Amino acid sequence: MGGSVLVGLDGTGNSEPAVRWGAEEAAVRHLPLRLLHSWVSQPWSVSLVPEDADRRRYGAEVLRRAEAVARDLHPGIAVEVEHVAEEAADALADRSGESTLLVLGSRGHDDIAGFLMGSVSLRVLGRAECPVVTVREEESAVGPGPEVVVGVQETGAEGDAVLAYAFTTAAVHRADLHAVRARAPRPRATPRPRPRRPSGRCSPRSSPRGAGSTRTSG
C-alpha cells in the first residue's frame, strides 16, 4: 500500500482525536496525510445555517484547525486538505481505493454497538476499499499501543489482506502481534443411558415345607 492516510472530519469533538491518530499513522508509515471535509454533510447544528457561504467558511476553518494539529504533532509530514461538495460517505468511500488507511472519529460510547452509530461511519464501513480505523472521541493516545490483535475467520485473499495489514501495523509501531482464530465448539455427544445393574438383593422365596430341616426320631 502506498496511498495516503485519509481522515474524514466533520468538525465535532471527535475530529481532533481522528486527526492525531491519522497524523501518527502517516508519520510512522512515511505517507502523506489527507484531510477531507464535506460542507454538504456537516453536523446538524451547522446544517441549519441556510447560506452555503457560511457552511463553506465553517468547513474551511475545520480543515485549517485540523492541519494545524497534524503539523504540530508531526511537523515533517506532507498534509493535503480537501473541501468537497459531495456527501461525506460517498467522498470517503470513493477515495478509499487510493488510500492506505481511512480514519474516522466516533462519539464516545461504552459498547461496540455505540462505536458504529454514526451514519457516515456505517455507510463508509460497508463500502471502503482500505482498512478503516474508528477513533473514540475521548481517545488521547495515538497508535495501537504495545500489542496489535488480529482476528481471522476466513482463509484466502480476504484473510491474507487482514494479516498483511496487521503485520505491517505491528512492524511500523514496533508492537507485538497477537493472532486469534476462534472456532465453533464441537457438538457434545448425547450421553448413552447406562445399563441397569442388578441390585445384589434376592427376593425372598417360600421354601417347600420341611425343606432344609432334619428330623431325628427317637
Side-chain angles (χ1 to χ4, degrees), residues 1-38 43 59 61-83 88-89 91-93 95-96 98-118 120-122 124-125 128-151 161-180:
M1 296 182 180
S4 60
V5 175
L6 176 63
V7 181
L9 309 167
D10 63 3
T12 58
N14 55 47
S15 290
E16 183 170 335
V19 172
R20 293 170 58 84
W21 191 288
E24 177 71 14
E25 291 294 325
V28 297
R29 297 172 188 270
H30 306 288
L31 296 172
L33 177 67
R34 190 177 188 181
L35 307 173
L36 184 144
H37 175 81
S38 165
E61 179 62 19
V62 168
L63 290 170
R64 185 195 66 78
R65 292 198 306 265
E67 183 177 4
V69 169
R71 293 193 184 280
D72 182 63
L73 188 63
H74 290 288
I77 64 173
V79 181
E80 174 189 356
V81 298
E82 191 171 2
H83 202 187
L92 293 167
R95 290 157 179 77
S96 66
E98 56 196 47
S99 303
T100 296
L101 179 66
L102 171 57
V103 183
L104 302 172
S106 172
R107 295 179 180 84
H109 292 279
D110 293 333
D111 53 23
I112 294 178
F115 215 13
L116 306 177
M117 284 180 65
V120 172
S121 296
L122 285 172
V124 171
L125 285 171
E129 299 179 31
C130 70
V132 180
V133 173
T134 53
V135 183
R136 292 182 184 270
E137 184 174 353
E138 67 272 18
E139 185 63 65
S140 58
V142 291
E147 184 179 56
V148 174
V149 180
V150 56
V162 173
L163 286 172
Y165 178 77
F167 273 98
T168 301
T169 300
V172 298
H173 288 281
R174 298 183 179 181
D176 295 333
L177 179 64
H178 185 186
V180 178

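All heavy atoms count here, side chains included; hydrogens, waters and symmetry mates do not. Bear in mind that the values here come from a model prediction, so they are computed numbers and not experimental data.
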Inset, instruction - Would you give the length of the straight line joining atom CD of E82 to atom CZ of R95, rounded to the nearest 0.5 angstrom? - result: 4.0 Å
Inset, instruction - Would you check if the side chain of S99 reaches a backbone N or O of G3 as a donor-acceptor pair within less than 3.5 Å? - result: no
Inset, instruction - Heavy atoms only: give me the nearest G105-A18 pair and the separation to one decimal. - result: N-CB, 3.8 Å
Legend entry - Within-4.5 Å side-chain heavy-atom neighbours: S15 and D10: yes
Inset, instruction - Using salt bridge (charged side-chain N to carboxylate O under 4.0 Å, His left out) as the criterion, list what pairs up with R29, not counting sequence neighbours. - result: E25
Inset, instruction - Could you point out which residue of T134, V5, V135, L104 forms a side-chain contact (heavy atoms from CB on, under 4.5 Å) with W21? - result: V135
Inset, instruction - Over all heavy atoms of both residues, which pair between V150 and A166 is shortest? Give the atoms and the distance, please. - result: CB-CB, 3.7 Å
Inset, instruction - Determine yes or no for a side-chain-to-main-chain donor-acceptor pair under 3.5 angstrom, with H37 supplying the side chain and L9 the backbone. - result: yes
Legend entry - Under 3.5 Å donor-acceptor, S4 side chain and P32 backbone: no
Inset, instruction - Kindly determine whether L63 and H83 satisfy side chain to side chain contact (heavy atoms under 4.5 Å, CB included), including the steps that lead there. - result: CA-CA 8 Å; L63 290 170; H83 202 187; 3.8 Å; yes
Legend entry - Over all atoms of both residues, closest heavy-atom pair of G143 and H173: CA-CE1, 4.0 Å
Inset, instruction - Measure the shortest side-chain to side-chain distance between L101 and P131 over non-hydrogen atoms and say whether it is less than 4.5 angstrom. - result: yes
Inset, instruction - Kindly write out the residues that satisfy salt bridge (charged side-chain N to carboxylate O under 4.0 Å, His left out) with E147, not counting sequence neighbours, or none if the list is empty. - result: none
Legend entry - Between CG on residue L177 and CG on residue L163, distance to nearest 0.5 Å: 8.0 Å
Legend entry - Which residues share a salt bridge (charged side-chain N to carboxylate O under 4.0 Å, His left out) with E67, sequence neighbours left out: R71
Legend entry - Of all pairs that satisfy salt bridge (charged side-chain N to carboxylate O under 4.0 Å, His left out), the ones with a partner from residues 161-173, not counting sequence neighbours: none
Legend entry - Counterpart residues, salt bridge (charged side-chain N to carboxylate O under 4.0 Å, His left out), relative to E61 (two or more places apart): R64, R65
Legend entry - Set of residues satisfying side chain to side chain donor-acceptor pair (under 3.5 Å) with respect to E24, sequence neighbours excluded: H74
Legend entry - From L6, V103, V81, V7, residue fulfilling side-chain contact (heavy atoms from CB on, under 4.5 Å) relative to L33: V7
Inset, instruction - Kindly give the heavy-atom pair with the smallest separation between V19 and A66, and that separation in Å. - result: CG1-O, 3.4 Å
Legend entry - Where V124 and A89 come nearest, the two heavy atoms and their spacing: CG2-CA, 3.7 Å
Legend entry - For the student: nearest non-hydrogen atoms of L92 and G8, plus distance: CD2-CA, 3.9 Å
